[in-house]
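To start, the structure itself, in structure tokens.
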Amino acid sequence: MFRTHTTKEASVLDGEEVKVCGWVHDIRVLGRIAFIIIRDRYGFAQLTLIKSVIGKENFKKYTKLTRESVICARGKVQKTEQANLGFEIVPDEIDVLNLAETPLPLGVADKVSADMETRIENRFLDMRKPEVLAVFIARSNILRGIRDVLLKENFIEVHTPKIVATATEGGTELFPVKYFEKDAFLNQSPQLYKQILMGSGFDRVFEIAPAFRAEEHNTTRHLNEFISIDAEMSFADDEDAMSVLERGIQNAIKYAVEDETFKLLNQDINVPEIPFKRLTYDEALEIINSRGVNIEWGEDFSTEALKILGEEMDDFYFITKWPLEIKPFYVLPFEEKYSKAFDLMYRDKELSSGAQRNHVYASLIEVMKSKGLNADSFEFYLRAFRYGMPPHSGWGLGLERLVMIITGVKNIRECVLFPRDRTRLVP
RNA sequence: GCCCCGGUAGUGUAGCGGCCUAUCAUGCGGGCCUGUCGAGCCCGCGACCCGGGUUCAAAUCCCGGCCGGGGCGCCA
């Protein structure tokens, strides 16, 4: 057995023999006494080495260990006020499982910061930092928070193809892939497939999976590969969809903040009250124009415009009743020039977009024509609308955007283990 | 796709024509120290992205390349 206890399990003991394994975080030598700080995923433990007890040779050997080496220490746990952690382990024996080379390309315990590039190139080391790990623990909790709500509300978790023959919505660029003798693409969204499932009578589905966009954007809030959380529900309107979404967000934040590692992020966020405020596109436009930024009716909001909304509104809010012309073909038209589309915002950031969908075949064809789309290439999708398609609604939510907002991380790349951006394909 | 900005020891930086055999911190190596916990003190190690040009003189100015960061557009 490598270890009997994690550092956290050992921290509550007193007098017991334990074996703990982890990384050498730091070593402090003070003449005839030395301290080795050992770190594992769960925390830290201090190994206290007294030269006269452990022997001259062992003392020298152990204090010459390099930082970030992997060791396993066997010894007695003692509660003590003298240690900052409130306990220490007095080792009889330390096994060196793997000696780390020196110098480290990125210091884990160093007091200097590192650039994003250095961090990502040495991501395995970067992720040894407890505050970096905390982002991924939060990410896991956020996912669980949303998944729990969806499962509880009877959604079926599904997976749709990521290698596809046609664009989902037009507009964004796709990554081409060779599919034997055919040309194919990486899917930008599961939109069309989850709608087909409504025609299959699945009633409520959700999918948590990667989506790919070949846009050459270079910002702190875009990725070329991201995780899209998509939900779709039958016999439901836009309001029903928004309501599921806000319950999911609320629960995600609840799960994230109640984890004890969340405090490492120094993020001040409260579990939000629901329902979130609904603001129509027209109302939003009025606010923006009143602040001197001119946006014409029917235009999408610029970053500058969204910053104004972010200042005027509460943290989370929906923008509803969008002009039909700036939304994708599959949204339901409403009062001539409007649609049943909505966006979920957090201050100035777009988190999610959704809509009640157009389930009427003839109307769908008409909208596609007006947008210059070729209905023939969407036949696999459209045929589901000819043999019994219920009214339905849904949304897509960018996981990393949500993680960014909840954890307070400023660059979306920090929310992904190994991010894919305009120039990064390795690691 | 358009527009800014930047590349100096392992890491993060200062310097922006001659005071540079290049600053500081961190790290690494060595020494002292029996309770450190951002340990302390002393000694040492280690760097100007690549190619061309301007100049008596280039880390510093100019051109090209490569690499990176950010903003906009677009979106999640």
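Model, not experiment: these values are computed from the prediction. Chain naming here is simple, since letters A, B, ... match the order of the sequence lines and numbering starts at 1 in each.
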Distances for protein N or O near nucleotides 28-33 of chain B N or O, under 3.5 Å:
unit_1: B:C33; atom_1: N3; unit_2: A:Val29; atom_2: O; d: 3.4
unit_1: B:C33; atom_1: N3; unit_2: A:Gly31; atom_2: N; d: 3.2
unit_1: B:C33; atom_1: N4; unit_2: A:Gly31; atom_2: N; d: 3.4

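Residues from residues 222-231 of chain A lying near RNA chain B, meaning a heavy-atom separation below 4.0 Å, are A:His222, A:Leu223, A:Phe226 in numerical order. Of the residues in residues 412-424 of chain A, those lying under 4.0 Å from RNA chain B by heavy-atom distance are A:Arg413, A:Thr423, A:Arg424. Of all the residues in residues 391-406 of chain A, A:Arg401 reach under 4.0 Å from RNA chain B with at least one non-hydrogen atom. Taking every heavy atom of residues 265-293 of chain A and every atom of RNA chain B, no pair lies under 4.0 Å. Residues from residues 303-319 of chain A that place a heavy atom under 4.0 Å from any atom of RNA chain B, listed by number: A:Thr303, A:Lys307.
Rounded to whole Å, the C1' atom of B:G46 lies 23 Å from the corresponding atom of B:G6.
Residue pairs satisfying the ring-ring contact (aromatic ring centres under 6.0 Å, His included) criterion with at least one member in residues 57-88 of chain A, sequence neighbours excluded, are absent. Under the ring-ring contact (aromatic ring centres under 6.0 Å, His included) criterion, the residue pairs touching residues 25-46 of chain A are A:His25-A:Phe44, with sequence neighbours excluded. Counting only residues at least two apart or in different chains, salt bridge (Lys or Arg N to Asp or Glu O under 4.0 Å) contacts with residues 288-300 of chain A comprise A:Arg291-A:Glu311, A:Arg291-A:Glu312.
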Along nucleotides 2-9 of chain B, 5' to 3', which nucleotides get a B, which get an S, and which get a -, given that the test is a protein heavy-atom distance under 4.0 Å? --------
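Counted by atom type alone, A:Arg247 and A:Ser243 present one or more donor-acceptor pairs between their side chains at under 3.5 Å.
Between A:Trp297 and A:Tyr281, the two ring planes are perpendicular [angle over 60°; tilted spans 30° to 60°].
Under the ring pair (Phe, Tyr, Trp, His ring centres under 6.0 Å) criterion, A:His5 pairs with no residue at all, not counting sequence neighbours. With sequence neighbours left out, the side chain to side chain donor-acceptor pair (under 3.5 Å) criterion links A:Arg67 to A:Asp26, A:Asp110.
Judged by atom type and distance alone, A:Glu215 does not reach the base of B:G1 through any side-chain donor-acceptor pair under 3.5 Å.
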